[in-house]
*Asks:* 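Below is a structure I'd like to ask you about.
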Amino acid sequence: MAGLPLRLFNTLGRELQEFAPLEPGRARVYTCGPTVYAYQHIGNLRAYVFADTLRRVLEWKGYEVVQVINITDVGHLTSDMDEGEDKLELASQREGRSVWDIAAHYTDVFMGDLAKVRVRPATVWPRATEHVEEMIEFARALEEKGYAYRLEAGLFFDTSKLSDYGKLALLDLEGLQEGARVAPIPGKRNPTDFALWRASPTDAERLMEWDSPWGKGAPGWHLECSVMSMKYLGERFDLHTGGVDHIPVHHTNEIAQSEAYLGGAWVPYWLHNEFIGLGETKMSKSKGGTLLLSDLERQGFHPLSYRFLLLGSHYRNQTEFTWRGLEGARVAQRRLLERLRERIPAGGEPLAYDQAWARLDGSARAHLEGLDAAVSADLKTAQALAVLTQLSRDADVPAGDLAVLVAAFEAVLAVGLLDLAPEDLDPPARELMLEVGEVERLLADREEARRSRDFASADEIRDMLDRLGVEVQDTPTGTTWRVRPAVGQREAGRD
RNA sequence: GGCGCGGUGGCCGAGGGGUUAGGCGGCGGCCUGCAAAGCCGUGUACACCGGUUCGAAUCCGGUCCGCGCCUCCA
């Protein structure tokens, strides 16, 4: 594969490791997707921008990538396994729509948001509800192998059967036993045991339930990821991504049931993104305090400015979202585009490493290698942006080479380097308060005053237009004007 | 309480034993009749206390502070 070896931080082992696929030239990736009972906030989006970056880098280096992102459209519970209410059912009651409508609606919005931040569509988007049969089969196989036991609450996985349970999260099982668990399920053998099948309550009917060898109920949360990933990627595949919150429970249990099922090692590389903070608390779908991509757009920001902001920090670092930070990213991105557009026209296609390499000669190739060095070191997109910024200021790089290099950067970063104009990042203008002809007449008057060196009158006209929301700029090629942007961009957040 | 991750110049954020991260803002300059925009220049920072070392922001130990997970959550 092209360029330097790709080094990634593997949560399994907590160290940087060189990526080596199970099958040469092919990378199979599973990305933990959302539960679609609510809008995905901008913190959620980071997980997919991260996974997208991984995918783009792999493809850029010449791997054939297959990526699966699941859609969890089965409700799971709001608290412990036999407590609380189903989140999808809750949303259904709240919004007066069927659970199926709820799932469909939030799935659509989610995919729309991903498209806006240029996260490429997954190769497959499997839905949990379409794989319940396979999940039942999987659970039955585990039961046959002696890894499961039945309780009134459903079918449970016996984590004590695995000697290395918790290896991903470095769980301290002794410590866990002492930890106060909420509402323990009667009969559970170990605190870490989890449901493969959740039996429906006998006194109430669930909106989503299926028949199974263990009675009516719904599949355990972790089951779908094991089942759907194996179905679409093969029993063993290369990479599994998700947020750090999944490490201790969800991914730990996925590994447990999958390795029990296979009788051996499952996925070699586990990658996790850190959280985005928002002021005092993290963003949480259940606790509120979230921002949506549409909130950012309402404040006049282009979705790709949010992507630009995200790429400015490493995916494994907790960072804070602030409006100031987003504004900073917007300005930086705009200036970058301005410098690029001065030298190379918009258009063209993103270029993979090999394609770019073939079109460059010795000195320009060093810049390509700079990009490769950055992304090959655990996807250091921030460093890639720094390299790009330097490049955009380097007058020694011929325009032809620059165009090739920018196309290579765009292939990995996807921040609009090829197709956006700087103005595309500006907030939308507000309503013009006077006729366009009027503005132009006033500007003509001003131009005349300037020509006769009556600057007092000229400035008076400019001030007046400014009060009406029209910004006037004198440039070497003449005077231009625009309606001042509509929004004060810092209405929310803590700054 | 257990496990995990951090504390970098006004702000955000890279880096990671001796050579510039970068961005935003500020300041100075160029340009401009003046502005605006743009461009150029400008910051010797790395929580605290010890230790290792010729040399530590970077390694080790401790302290303080923050965050995440342990319960649905990216």
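First the proteins, then the strands, lettered A, B, ... as listed; each starts at 1.
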*Asks:* Any side-chain heavy-atom pair from L8(A) and L54(A) closer than 4.5 angstrom?
*Replies:* yes
*Asks:* Within the structure shown, what part of the strands sits under 4.0 Å from A386(A) by heavy-atom distance: base, sugar-phosphate, or nothing?
*Replies:* base
*Asks:* Scan V472(A) against the nucleic acid and name what it touches under 4.0 Å (heavy atoms): base, sugar-phosphate only, or nothing.
*Replies:* base
*Asks:* Determine whether the aromatic ring centres of residues H131(A) and Y232(A) are separated by less than 6.0 angstrom.
*Replies:* yes
*Asks:* Just checking T319(A): base, sugar-phosphate only, or nothing, at a heavy-atom cut-off of under 4.0 Å?
*Replies:* sugar-phosphate
*Asks:* rA35(B), OP1 or OP2 - any side-chain N/O from R446(A) closer than 4.0 Å?
*Replies:* no
*Asks:* Hey, can you pull the residues of residues 449-460 of chain A with a non-hydrogen atom under 4.0 angstrom from RNA chain B?
*Replies:* R450(A), R453(A), F455(A), D459(A)
*Asks:* Quick one: label H272(A) by what it contacts on the DNA or RNA (base, sugar-phosphate, nothing), any heavy atom closer than 4.0 Å.
*Replies:* nothing
*Asks:* Scan L385(A) against the nucleic acid and name what it touches under 4.0 Å (heavy atoms): base, sugar-phosphate only, or nothing.
*Replies:* nothing
*Asks:* Using atom C1' in both nucleotides, what's the gap between rU58(B) and rG15(B) to the nearest angstrom?
*Replies:* 9 Å
*Asks:* Ignoring hydrogens and geometry beyond distance, is a side-chain donor-acceptor pair present between H41(A) and D295(A) at under 3.5 Å?
*Replies:* no
*Asks:* Taking only the P atom of each, what is the distance from rA21(B) to rA14(B) in whole angstrom?
*Replies:* 15 Å
*Asks:* Only one of L442(A), V470(A), L465(A) clears side-chain contact (heavy atoms from CB on, under 4.5 Å) with W481(A); which?
*Replies:* V470(A)
*Asks:* Would you say whether Y48(A) stacks on rA74(B)? The test is a distance between ring centres of less than 5.5 Å and an angle between planes of less than 30°.
*Replies:* no
*Asks:* Rounding to the closest angstrom, what is the interatomic distance between rU19(B) and rA56(B) at atom C1'?
*Replies:* 15 Å
*Asks:* Consider only side-chain N and O atoms of Y106(A) and D73(A), and report whether a donor and an acceptor are under 3.5 Å apart.
*Replies:* no
*Asks:* Can a side chain N or O of K380(A) be found less than 4.0 Å away from OP1 or OP2 on rG16(B)?
*Replies:* yes
*Asks:* Counting only side-chain N and O atoms of R335(A), is one of them less than 4.0 Å from OP1 or OP2 of rG38(B)?
*Replies:* yes
*Asks:* Return no unless some side-chain N or O of R339(A) is found under 4.0 Å from OP1 or OP2 of rC39(B).
*Replies:* yes
*Asks:* Any base atoms under 4.0 Å from E274(A), or only sugar-phosphate, or nothing? Heavy atoms, all strands.
*Replies:* base
*Asks:* Answer yes or no: side-chain N or O of R393(A) and base N or O of rC39(B) forming a donor-acceptor pair under 3.5 Å.
*Replies:* no
*Asks:* Describe, in one word, how the ring planes of W270(A) and H272(A) are oriented to each other, choosing from parallel (under 30°), tilted (30 to 60°) and perpendicular (over 60°).
*Replies:* parallel
*Asks:* Check the phosphate of rC5(B) against N317(A), side-chain N and O only, distance under 4.0 Å to OP1 or OP2. Yes or no?
*Replies:* no
*Asks:* Any idea which heavy atoms bring V267(A) and D238(A) closest together, and the distance?
*Replies:* CG1-O, 3.5 Å
*Asks:* Whether the side chain of D474(A) and the base of rC34(B) hold a donor-acceptor pair under 3.5 Å is what I'd like checked.
*Replies:* yes
